[in-house]
Amino acid sequence: MKKTKEDRDTRIQEYLSQWTEEEVSQFQADFLAWYDQHQRDLPWRRRQDPYAIWVSEIMLQQTQVKTVIPYFNRFMSWFEEVSDLAEAPEEKLLKAWEGLGYYSRVRNMQVAAKQIMTEFSGEMPTDIKDIQSLKGIGPYTSGAIASIAFNQPEPAVDGNVMRVFSRLFKITEDISKPATRHVFEGVVRQVISQKDPSSFNQAIMDLGASICTPTKPVCEACPLSAYCEAFKEGNMTDYPVKLGKVKTIPEYYIALVLIDENGKMCLTRRKKHGLLGNFWTFPLVSVSKEIYQEMQQQWVSEPKTYLEKEQGQLSFLNVAETTTLFEEQLEQLGIEGQFKPWPIGEVTHVFSHRKWHLLMAQGTMLSNQVLDVEEETQWVHPKEFSTYAFPKPQQKMLEVLTKNKIISNG
DNA sequence: AAGACGGGGCC
DNA sequence: GGCCCAGTCTT
């Protein structure tokens, strides 16, 4: 079945036809009154600065308010104005975003900051088309900035809006499809408060976060339950409809914790593009599932066969047996025969579309050993780690090292 | 239109 | 440990 634009407009009108005009205005009044009473006190709501609103909206993409608050405060003190962001060194940018995820967000923000400096005289543009021309700002964020910062009646359709409105109007379209966003924009456009679109859009966000939640909506406390078509039927959690599942592909690595006689550890910098671009990790040796599981068996499940305590230090038995399992990879690194590893632990990390299994292997190396890899490598003492940007999997590995007292603190 | 791109919370 | 959350860019 082909869906034309006219077809879509028809469906939008059908959803809206469930409410009378009086109901729409009463709904707006009730909603704004609720927001006036219950709005959350958030750092970016204490100022009317488009820059602060922009930063907060980018951070809040795929990230919860509670997580964002400390990052936001630090970011605003590090980069007080658009010009500070435009001129910041990349290392400082990554450090500011370290642990937040989706790192292209902050890279794009700097590109946009430069756009604002050169094309818009250092001020956030007010026209929504101009706002959306900025790197990293799409239909949601442009609507959020236009409405919240400039009080323009623009929809800002994110997951909260689709959840709230799918329940309010019993919209059963699949929200995993990109085209469905237009349907919600059409509906919001016709019910948004013209007088206070800023509060209206923020009210949806607060309602979606605290009351109209994904799995257990608190309808008893909802100011909109009288209007909610799904609530009337008692099947709120059937909405929104989302098909299309994402599968996570497993990947297996041996993480090399190489330590030289000065206590420095070898770090590699990931390539600029792709997953975790430009972040630092221990060298990761890609291995097959079979090899990984074989080593995991020997190292983790039956450690006693391979480990013994010797003068307070772990020593590794049958080294040859396990390292031969990935000697091909070690050969490529140019360290075969020199690397006598012992197991420290295992770390897993789930991304949106991938699952990493990291088996940590510790070993000593002579200082200034050069690994034969394309990526930049550095030997760094753990006390210097705080100046390096580490993604979560690396942070988890550092925790393992701390727990095993291989490094102190974290 | 589909895939790439992190990380956290809940049960 | 499995399931939920989900904006923008790239292809």
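Note that the coordinates shown come from a computational prediction; the quantities given were computed from them, not determined experimentally. Reminder, nothing fancy here: chain letters follow the sequence lines and each chain counts from 1.
- Arg107(A) has its CZ atom 18 Å from the P atom of dT8(C), to the nearest Å.
- A residue-by-residue look at Phe351(A) and Pro178(A) shows that Pro178(A) has its nearest nucleotide of DNA chain B further toward the 5' end.
- Spacing of P atoms, dT8(C) relative to dG9(B), comes out at 23 Å, to the nearest Å.
- One interatomic measurement links the two molecules: NE2 of His353(A) to C1' of dT10(C), which rounds to 13 Å at whole-angstrom precision.
- Within 4.0 Å (heavy atoms only), Arg354(A) reaches sugar-phosphate atoms of the nucleic acid but no base atom.
- Nucleotide dC4(C) holds its C1' atom 15 Å from the CE atom of Met162(A), rounded to whole Å.
- Atom NZ of Lys242(A) is separated from atom P of dC4(C) by 7 Å (rounded to the nearest Å).
- Pro240(A) comes within 4.0 angstrom of no nucleic acid atom, judged by non-hydrogen atoms across all strands.
- Dashed line: the shortest gap from a side-chain N or O of Arg163(A) to OP1 or OP2 of dA6(C) is under 4.0 Å.
- A distance of 4.5 Å separates CG in Asp9(A) from NZ in Lys5(A), rounded to the nearest 0.5 Å.
- Summarising the geometry, atom CD1 belonging to Ile254(A) is positioned 9.5 Å from atom OG belonging to Ser286(A); distances are rounded to the nearest 0.5 Å.
- For the atom pair CG (Asp196(A)) and OG (Ser147(A)), the distance works out to 10.0 Å, reported to the nearest 0.5 Å.
- The P atoms of dC5(B) and dC5(C) are separated by 22 Å, rounded to the nearest whole Å.
- With Phe390(A) as the fixed residue, the ring pair (Phe, Tyr, Trp, His ring centres under 6.0 Å) test singles out one of Phe385(A), Trp280(A), Phe279(A): Phe385(A).
- As rounded to the nearest Å, dC3(C) and dG6(B) have P atoms that lie 23 Å from one another.
- Ion pairing of Arg11(A) with Glu14(A) is absent here, as no side-chain N (NZ or NE/NH1/NH2) approaches a carboxylate O to less than 4.0 Å.
- What separates NZ of Lys177(A) from P of dT8(C) is a distance of 20 Å, to the nearest Å.
- A salt bridge links Lys271(A) to Glu374(A): at least one charged side-chain nitrogen sits closer than 4.0 Å to a carboxylate oxygen.
- Taking atom CE on Met205(A) and atom P on dC5(C), their separation rounds to 18 Å, with Å as the unit.
- Backbone-only engagement by Gly274(A) is indicated by non-hydrogen atom pairs under 4.0 Å involving sugar-phosphate atoms exclusively.
- Between Ile175(A) atom CD1 and Arg163(A) atom CZ the span is 8.5 Å, to the nearest 0.5 Å.
- Only the C1' atoms considered, dC9(C) is 23 Å distant from dG8(B), to the nearest whole Å.
- When all heavy atoms of Ala88(A) and Phe79(A) are compared, the closest pair comes out as CB-CE2, 3.3 Å.
- When each of Thr215(A) and Ser104(A) is assigned the nucleotide of DNA chain B with its nearest heavy atom, Ser104(A) is the one assigned upstream, toward the 5' end.
- Between Ile175(A) and Asn108(A), the one whose closest nucleotide on DNA chain C sits nearer the 5' end is Ile175(A).
- Gln64(A) has its CD atom 15 Å from the C1' atom of dG7(C), to the nearest Å.
- Distance His273(A) NE2 to dT8(C) P: 21 Å, rounded to the nearest Å.
- Lys396(A) comes within 4.0 angstrom of no nucleic acid atom, judged by non-hydrogen atoms across all strands.
- Scanning DNA chain B 5' to 3' for nucleotides with an atom closer than 4.0 angstrom to a non-hydrogen atom of chain A gives a first and last hit of dA1(B) to dC11(B).
- Within residues 135-149 of chain A, the residues having any heavy atom closer than 4.0 Å to DNA chain C are, in order of number, Lys135(A), Gly136(A), Ile137(A), Gly138(A), Pro139(A), Tyr140(A), Thr141(A).
- Taking the charged nitrogens against the carboxylate oxygens, Lys232(A) and Glu229(A) do have a contact shorter than 4.0 Å, which makes a salt bridge.
- Using modelled atom types, one finds a donor on one side chain and an acceptor on the other under 3.5 Å when comparing Tyr388(A) with Gln378(A).
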